[in-house]
Amino acid sequence: MEPTFQKPQMFLVLAAFLFATGLFGLLRRRTFIGMLIAGELIFSAASLNFMTMNRFFVSDPAIGQVFVLFIMGLAAAEVAIALSIIIAVYRNYRSINSRDLAELKG
Amino acid sequence: MKPFPGAQFVVLIVFAVAVLATVTGALLAVVSTRIIRSVCGLALCCCGLAGLYYFLQSPFLSLMEILIYVGAICVTIVFAVMLAEPDEAPPHEKTALVAWWGGSALLGSLAAFAGISYLGLNHTWTVLTPRIGQGTVKDLGIALLTSYSLAFELISLVLLISVLGALVVARQGRSRS
């Protein structure tokens with residue numbers, strides 16, 4: 001019998017778990033940094049899914065790795081922008097609770 | 001040459017540690033109230049993911065995962081935690097509303113988990129043959145500089161613009177405070 005790590009099921013379930021925790025955090029958190037961390041978890045779920053498909057089902061296993069590298073680069077860019085926005089918001093409002101930023105709310 | 005006795009059990013234990021680190025890190029990142037603990041949970045989760053990538057036959061990506069996620073993203077978030085004041089204040093709306101919202105979030109994420117796992121486990125995946133290439137670092141470098149060179153250049157442009165944008169956005173309003 002093949003060990004667990006040579007079958008895709010475990011990895012697929014783990015990716016689904018990561019996505020579900022990220023979704024839960026994104027819905028439940030009330031500060032922007034918490035929501036950003038949950039978003040990173042969703043990125044990781046996508047990367048893990050790409051890597052699983054890349055390892056088990058694809059004929060050229062370099063493609064998925066290139067994709068995951070690009071996902072990591074985009075995640076780094078997103079974190080840089082989001083954190084600078086968070087710091088600018090904190091400077092103006094003295095708070096990063098998502099509830100307090102309701103100035104444009106009708 | 002005979003393998004080390006019980007080598008497959010050692011490998012299974014390492015795999016179990018990677019899976020456990022990923023799961024506990026993700027849970028810690030989501031449920032803890034202090035933000036700094038949740039950043040540590042994200043770092044733990046990324047270390048576990050690096051182990052999983054190693055088991056998925058791409059050691060280069062596992063190294064990159066630790067370098068970028070733990071070394072860059074978590075450290076940047078820790079800087080933001082120092083500069084802002086991120087801990088969640090106790091909710092000042094009604095507890096029933098908070099509980100309702102948390103419960104519906106839990107329900108929704110459980111539904112997403114069950115649905116995606118069901119789809120992944122019950123679909124009959126077709127394996128594409130023949131396998132060309134092994135996915136080594138050399139193959140990866142050739143792919144990055146031939147087929148994906150445009151995307152490679154574009155991602156460098158995206159990173160440059162994001163750095164410039166982060167500087168501009170974080171600099172505005174500095175004289176006001």
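Just so we're on the same page: letters track the sequence lines, and every chain starts at 1.
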What's the separation between atom [atom1] in [X] and atom [atom2] in [Y], rounded to the nearest 0.5 Å?
| X | Y | atom1 | atom2 | result |
| --- | --- | --- | --- | --- |
| B:I155 | A:L74 | CD1 | CG | 4.0 Å |
| B:I35 | A:T31 | CD1 | OG1 | 4.0 Å |
| B:L140 | A:I63 | CG | CD1 | 11.0 Å |
| B:Y53 | A:F50 | OH | CZ | 10.5 Å |

### Query
So, A:Q65 side chain and B:L61 main chain: donor-acceptor pair closer than 3.5 Å or not?
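Between the backbone of B:L61 and the side chain of A:Q65 there is no qualifying donor-acceptor contact (under 3.5 Å).
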
### Message
Between B:G25, B:S117, B:S38, who has the most heavy-atom pairs with chain A when the cutoff is under 4.5 Å?
### Response
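Counting heavy-atom pairs under 4.5 Å, the top option is B:S38.
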
### Top contributor to chain A interface from B:L144, B:V158, B:L110 [non-hydrogen pairs under 4.5 Å]
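If we count pairs closer than 4.5 Å to chain A, B:L144 comes out on top.
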
[X] and [Y]: which non-hydrogen atoms are nearest, and at how many Å?
| X | Y | answer |
| --- | --- | --- |
| B:S109 | A:L23 | CA-CD2, 4.2 Å |
| B:V30 | A:R29 | O-NH2, 3.1 Å |
| A:R91 | B:A170 | NH1-O, 2.7 Å |
| A:F17 | B:A26 | CE2-CB, 4.2 Å |
| B:A143 | A:A62 | CB-CB, 4.4 Å |
| A:A75 | B:Y69 | CB-OH, 3.7 Å |

### Task
Among A:F57, A:F11, A:F56, find the residue that satisfies the ring pair (Phe, Tyr, Trp, His ring centres under 6.0 Å) test when tested with B:W125.
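Going through the options one by one, the only one that passes is A:F57.
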
Among the options [options], pick out the one with the most heavy-atom pairs lying under 4.5 Å from chain B.
| options | answer |
| --- | --- |
| A:L36, A:V68, A:I86, A:L69 | A:L69 |
| A:A80, A:G73, A:G64, A:S47 | A:S47 |
| A:Q9, A:M10, A:E40 | A:E40 |
| A:N49, A:N54, A:V58 | A:V58 |
| A:P8, A:A88, A:S44 | A:S44 |
| A:Q6, A:M72, A:M53, A:E78 | A:M72 |

Part of [X] within contact of chain A (heavy atom distance under 4.5 Å):
| X | value |
| --- | --- |
| B:Q8 | neither |
| B:V137 | neither |
| B:S147 | neither |
| B:F60 | side chain |
| B:F15 | side chain |
| B:A72 | neither |
| B:A151 | both |
| B:L83 | both |

### Message
Using heavy-atom distances under 4.5 Å, tell me whether A:I87 contacts chain B through its side chain, its backbone, both, or neither.
### Response
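When you check distances to chain B, only side chain atoms of A:I87 fall under 4.5 Å.
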
### Task
Can you tell which part of A:L14 gets under 4.5 Å to a heavy atom of chain B, answering side chain, backbone, both or neither?
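Side chain of A:L14 only, per the 4.5 Å heavy-atom cut-off to chain B.
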
### Message
Non-hydrogen contacts under 4.5 angstrom with chain A: give the residues of residues 45-52 of chain B involved, or none if there are none.
### Response
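Only B:C45, B:L49, B:L52 of residues 45-52 of chain B have a heavy atom under 4.5 Å from chain A.
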
Same cluster (ILVMFWY, side-chain, under 4.5 Å), [X] and [Y]:
| X | Y | result |
| --- | --- | --- |
| B:I116 | B:V19 | yes |
| B:V70 | B:L63 | no |
| B:V169 | B:V163 | no |

### Task
For side-chain contact (heavy atoms from CB on, under 4.5 Å), just list the numbers for A:L48 and B:L56, CA-CA rounded to whole Å, side-chain angles, deciding distance to a tenth of an Å, and then say yes or no.
CA-CA 9 Å; A:L48 185 59; B:L56 288 171; 4.1 Å; yes

### Message
Is the ring pair A:F5/B:F55 parallel, tilted or perpendicular, if the boundaries are 30 and 60 degrees?
### Response
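Because their plane-to-plane angle lies in the 30° to 60° range, the rings of A:F5 and B:F55 count as tilted.
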
### Message
Ring-plane angle category for A:F70 and B:F152, please: parallel below 30°, perpendicular beyond 60°, tilted otherwise.
### Response
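Geometry flag for B:F152 against A:F70: tilted rings.
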
### Task
Have a look at A:T21 and tell me which of B:L27, B:V23, B:V31 forms a side-chain contact (heavy atoms from CB on, under 4.5 Å) with it.
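Exactly one candidate clears the test, B:L27.
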
Under 3.5 Å, which donor-acceptor pairs link side chains of residues 100-108 of chain B to any protein atom two or more places apart or in another chain?
| residue | atom | partner | partner atom | Å |
| --- | --- | --- | --- | --- |
| B:W101 | NE1 | A:L27 | O | 2.8 |
| B:S104 | OG | B:W100 | O | 3.1 |
| B:S104 | OG | B:W101 | O | 2.8 |

### Message
Taking atom CZ as the centre, does A:F43 end up with more than 12 heavy-atom neighbours from other residues, nucleotides or ligands that are less than 6.0 angstrom away?
### Response
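Yes.
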
